[in-house]
Number of protein chains: 2
Amino acid sequence: MGRRRPGTPTLEEVAARAGVGRGTVSRVINNATGVKESTRHAVQRAIEELGYVPNLAARSLAGRGTDAVALVLTEPDWRLFAEPFFSEIVGSLGDALADTGMQLMLTLVRSGAERQRFLEYARGGRVDGVLLMSVHAGDPLPDMLAEARLPTVMLGRRSGDESISYVDADNVGGARSAVSHLLARGRRSIATITGPLDMYAAQCRLRGYQDALGLAGLKYQQTMVAEGDFTEDSGRRAMAELLQRHPELDGVLAASDTTAAGALQTLRAAGRRVPDDVAVIGFDDFPLAQRTEPPLTTVRQPLEDIGRAMIRILLEDMEEPSVAWRHVILRTELVVRASS
Amino acid sequence: MGRRRPGTPTLEEVAARAGVGRGTVSRVINNATGVKESTRHAVQRAIEELGYVPNLAARSLAGRGTDAVALVLTEPDWRLFAEPFFSEIVGSLGDALADTGMQLMLTLVRSGAERQRFLEYARGGRVDGVLLMSVHAGDPLPDMLAEARLPTVMLGRRSGDESISYVDADNVGGARSAVSHLLARGRRSIATITGPLDMYAAQCRLRGYQDALGLAGLKYQQTMVAEGDFTEDSGRRAMAELLQRHPELDGVLAASDTTAAGALQTLRAAGRRVPDDVAVIGFDDFPLAQRTEPPLTTVRQPLEDIGRAMIRILLEDMEEPSVAWRHVILRTELVVRASS
DNA sequence: GTCCCGATCGGGAGCGCTCCCGGAAATTCG
DNA sequence: CGAATTTCCGGGAGCGCTCCCGATCGGGAC
């Protein structure tokens with residue numbers, strides 16, 4: 001069919017022009033060994049003159065994979081896509097992928113139809129591997145990909161025992177250390193604003209909060225917990241709610257920096273001083289944590305390392321498919337600033 | 001080579017199982033006409049049983065295009081990627097593409113190397129068309145794509161006479177009407193916070209500001225202009241600067257809603273009441289404009305329409321490549337809220 | 001019963017590339 | 001200088017699909 005874009009020369013035409021065989025040109029563009037230097041130059045000149053670009057469809061049909069991986073964002077509410085978390089992780093993955101020659105393709109999956117379409121795309125061999133982020137509890141996509149034998153790595157997990165490779169931060173430990181820090185500074189009435197509780201990471205952070213209280217012999221109160229969704233807005237609302245239920249509270253752990261920023265605003269509006277009256281701790285340590293008023297004490301997630309680990313695992317799995325799942329949990333670290 | 005994922009049946013195997021020929025199976029999966037209903041069912045059952053998924057590389061090699069378009073974000077500072085503008089436009093494009101069966105692939109181009117890699121990817125035929133956003137003044141990518149004969153549509157433009165298809169909002173008119181509105185309400189000392197001036201959209205909004213002042217017979221003062229970069233942070237800084245230079249100012253036009261939000265914070269911190277002392281107008285009309293304190297008067301950009309127009313133009317150009325560039329400028333609209 | 005005409009269907013050709021076998025050319029060695 | 005290696009190189013086979021030409025099959029008209 002004539003849909004081929006006009007003026008796109010083929011490898012064969014390059015070969016003809018350079019006066020060599022197809023195989024030689026192929027060897028040159030894949031810079032394989034075993035080509036005489038002079039021949040290589042002749043071919044390169046022909047490529048130059050013709051403006052030749054290899055047809056990637058043909059290349060992957062012939063068996064060489066696609067040199068592309070997909071980063072899938074499963075999130076029906078795509079506005080969350082504007083959260084710093086995503087741009088940070090995208091940047092980190094991009095860096096980690098930079099010197100592998102792989103192309104990172106970001107895809108939004110907002111509905112069942114879009115999931116289906118992506119699945120066809122991936123199973124159709126358009127990408128060699130898949131990175132999944134912001135996966136919610138009941139999401140079937142990871143399993144579908146696994147069943148299709150596509151190398152897949154998740155950022156975070158859906159539950160405690162996950163049958164797929166993932167990289168995650170130590171959310172429980174991070175939250176626990178944050179709350180312990182508050183307790184050590186004499187706070188006794190500590191609330192928490194969680195993330196969406198259908199996400200395991202949010203559950204873990206809540207569990208860390210509970211653990212720390214338990215360890216200190218304090219009782220856990222349901223009313224000290226307000227659910228948010230990682231956004232600033234939800235932080236504002238949840239903080240207002242908590243303040244109303246527990247005017248006496250003197251410490252808050254928010255499930256993300258953005259949520260914490262929202263909480264700070266509400267506290268200021270309510271006339272509470274931070275950290276004098278109420279200490280606030282965030283989670284993530286994004287750049288914004290340094291610019292809040294006051295700067296935010298927060299639990300640092302090593303996003304750079306997370307990105308690198310995801311890429312490493314994915315590449316390994318692409319290299320030689322294994323039946324074993326790999327799980328990597330990265331340590332978090334409390335960064336103390338002025339808000340606590 | 002053995003890189004083919006194991007257990008991926010081919011069309012031929014489906015044909016064998018269904019007891020029909022290759023052509024028939026092809027007709028079924030492309031739901032073409034001319035297949036008897038009973039045959040179609042037999043084939044579909046075979047597809048089902050084998051878990052067959054067409055190999056997309058083979059399909060596009062055989063001439064059928066790729067059913068994918070790339071959305072390229074050219075932005076060395078990828079943190080800007082977290083601006084609501086991007087998530088809004090991505091959502092809008094995704095919606096516009098939803099019922100075409102096309103896959104949207106987002107790509108970040110942060111460096112020359114990444115641009116080169118993307119170019120190879122696109123010229124290699126991995127996508128049928130390209131959407132470009134946040135293109136800066138000297139960016140060569142659009143021309144390179146045009147030269148490669150790839151259907152391409154830009155969001156915004158690099159200059160007044162652009163040799164590529166684009167969709168843009170009426171930035172000059174929008175800014176002009178905003179300033180005129182301020183003048184009509186008796187403001188006389190009006191400043192502006194611009195976007196990055198290497199972007200044409202930012203220049204246009206500045207021009208609209210100048211135009212409106214000129215129309216009202218007011219003189220344009222360089223010192224009433226502070227350059228930002230569309231972010232909230234730059235809004236805070238620029239506002240502080242303007243306030244220092246011109247304590248008497250009573251109106252501000254910001255080049256984006258986020259910038260305006262930042263400006264509002266600085267004004268509040270400086271003890272200025274909005275709109276009593278200083279009126280503020282934003283640009284974009286993102287959801288956040290309704291949640292600022294006070295809600296923001298702003299110039300609405302019809303992002304939904306912009307996305308739809310971009311897709312329409314792209315699809316038309318993919319359908320039958322034309323030599324003509326299409327330019328679409330969409331009307332903006334002043335949305336008056338409490339900040340002016 | 002015969003002929004003709006759609007409606008269906010089978011399968012050859014070919015998309016542009018990589019892999020790899022076997023031959024040609026260049027070297028080295030005895 | 002001829003034989004044994006190496007080093008290079010050409011081109012056949014094949015990846016899985018779509019397109020399309022021509023064959024086959026059913027009926028209806030005569």
Side-chain angles (χ1 to χ4, degrees), chain A residues 1-43 46-47 50-67 120-121 123-126 128, chain B residues 1-43 46-47 50-67 120-121 123-126 128:
Chain A
M1 187 182 168
R3 272 291 209 98
R4 173 169 159 239
R5 275 184 297 115
T8 310
T10 71
L11 181 147
E12 197 117 18
E13 283 161 29
V14 173
R17 173 152 198 141
V20 300
R22 241 174 31 254
T24 305
V25 179
S26 177
R27 274 183 282 265
V28 170
I29 61 181
N30 294 300
N31 47 55
T33 59
V35 181
K36 214 194 309 174
E37 202 54 21
S38 59
T39 320
R40 180 183 298 275
H41 274 92
V43 171
I47 289 176
L50 259 37
Y52 169 73
V53 183
N55 179 319
L56 298 178
R59 180 175 279 183
S60 55
L61 216 212
R64 284 249 290 115
T66 63
D67 287 350
E120 269 162 35
Y121 190 87
R123 300 219 303 154
R126 275 277 153 69
D128 293 335
Chain B
M1 188 182 168
R3 272 287 210 101
R4 173 168 158 241
R5 276 181 298 116
T8 310
T10 70
L11 181 149
E12 198 117 18
E13 284 161 29
V14 174
R17 173 148 196 145
V20 300
R22 248 178 22 258
T24 305
V25 178
S26 177
R27 275 183 282 266
V28 170
I29 61 182
N30 293 299
N31 47 56
T33 58
V35 181
K36 215 195 308 173
E37 202 53 22
S38 59
T39 319
R40 179 182 301 275
H41 273 93
V43 172
I47 288 177
L50 258 37
Y52 168 73
V53 183
N55 179 319
L56 298 178
R59 180 174 279 182
S60 52
L61 217 213
R64 283 249 289 114
T66 63
D67 287 350
E120 267 162 36
Y121 190 87
R123 301 219 301 155
R126 275 278 153 70
D128 293 335

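Keep in mind that this is a model prediction, so the values were computed, not measured. A note on names: the letters A, B, ... follow the listed sequences, proteins ahead of strands, and every chain is numbered from 1.
Each of D/dC9, D/dC17, C/dT8 was ranked by its minimum atom distance to the side chain of B/Thr10; first place goes to D/dC17. With C/dT18, C/dC9, D/dT18 as the candidates, the nucleotide lying closest to the side chain of B/Ala62 is D/dT18. Listed nucleotides: D/dC9, D/dG16, C/dC17. Nearest to the side chain of A/Tyr52: C/dC17. Of the candidate nucleotides C/dG11, D/dG11, C/dG16, C/dG11 has the atom lying nearest to any side-chain atom of B/Arg22. Proximity note for A/Asn55 (side chain, C-beta onward) versus C/dT8, C/dG16, D/dG16: the nearest is C/dG16.
Contact annotation for B/Arg59: backbone-only contact, meaning every heavy-atom pair under 4.0 Å involves sugar-phosphate atoms and none involves a base. As judged by a 4.0 angstrom heavy-atom cut-off over every strand, A/Gly23 is placed among the base-contacting residues. No contact: A/Ser60 has no heavy atom under 4.0 Å from any strand.
In this structure, the CZ atom of B/Arg27 is 11 Å from the P atom of C/dT8, given to the nearest Å. Protein atom CZ of A/Arg40 is 10 Å distant from nucleotide atom P of D/dC8, rounded to whole Å. For the pair B/Glu12 CD and D/dC15 C1', the computed distance is 12 Å after rounding to whole Å. Between A/Lys36 atom NZ and D/dT7 atom P there is a gap of 14 Å when expressed in whole angstrom units. As rounded to whole Å, 13 Å separates atom C1' of C/dT18 from atom CG of A/Leu56. Atom CD1 in A/Ile29 sits roughly 8 Å away from atom C1' in C/dC17 (whole-Å rounding). Taking atom CD of B/Glu13 as the reference point, atom C1' of D/dG16 lies 10 Å away to the nearest angstrom. Rounded to whole Å, the distance from CG on A/Asn31 to C1' on C/dT18 is 15 Å.
Not one side-chain nitrogen or oxygen of A/Thr24 sits closer than 4.0 Å to the OP1 or OP2 atom of D/dC9. Considering only side-chain N and O atoms, B/Thr39 lies under 4.0 angstrom from the phosphate OP1 or OP2 of C/dC9. An OP1 or OP2 oxygen of D/dC17 is reached within less than 4.0 angstrom by no side-chain nitrogen or oxygen of B/Ser26.
The shortest distance between side-chain heavy atoms of B/Leu56 and A/Glu120 does not fall below 4.5 Å.
Comparing B/Glu37 and B/Leu61 against DNA chain C, the residue whose closest nucleotide sits nearer the 5' end is B/Glu37.
Tested against B/Ile47, the residues B/Leu11, B/Val14, B/Val53 include a single side-chain contact (heavy atoms from CB on, under 4.5 Å) partner, B/Val14.
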**Message:** Please determine whether side chain to side chain contact (heavy atoms under 4.5 Å, CB included) holds for the pair A/Ile29 and A/Arg59, giving the CA-CA distance in whole Å, both sets of side-chain angles, and the decisive distance to 0.1 Å.
**Reply:** CA-CA 12 Å; A/Ile29 61 181; A/Arg59 180 175 279 183; 3.7 Å; yes
**Prompt:** When you look at B/Val25 and B/Glu12, which way does the side chain to side chain contact (heavy atoms under 4.5 Å, CB included) test go after all the steps?
**Reply:** CA-CA 8 Å; B/Val25 178; B/Glu12 198 117 18; over 6 Å; no
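Across all non-hydrogen atoms, the minimal contact from A/Arg123 to B/Gly51 is NH2-O, 4.1 Å.
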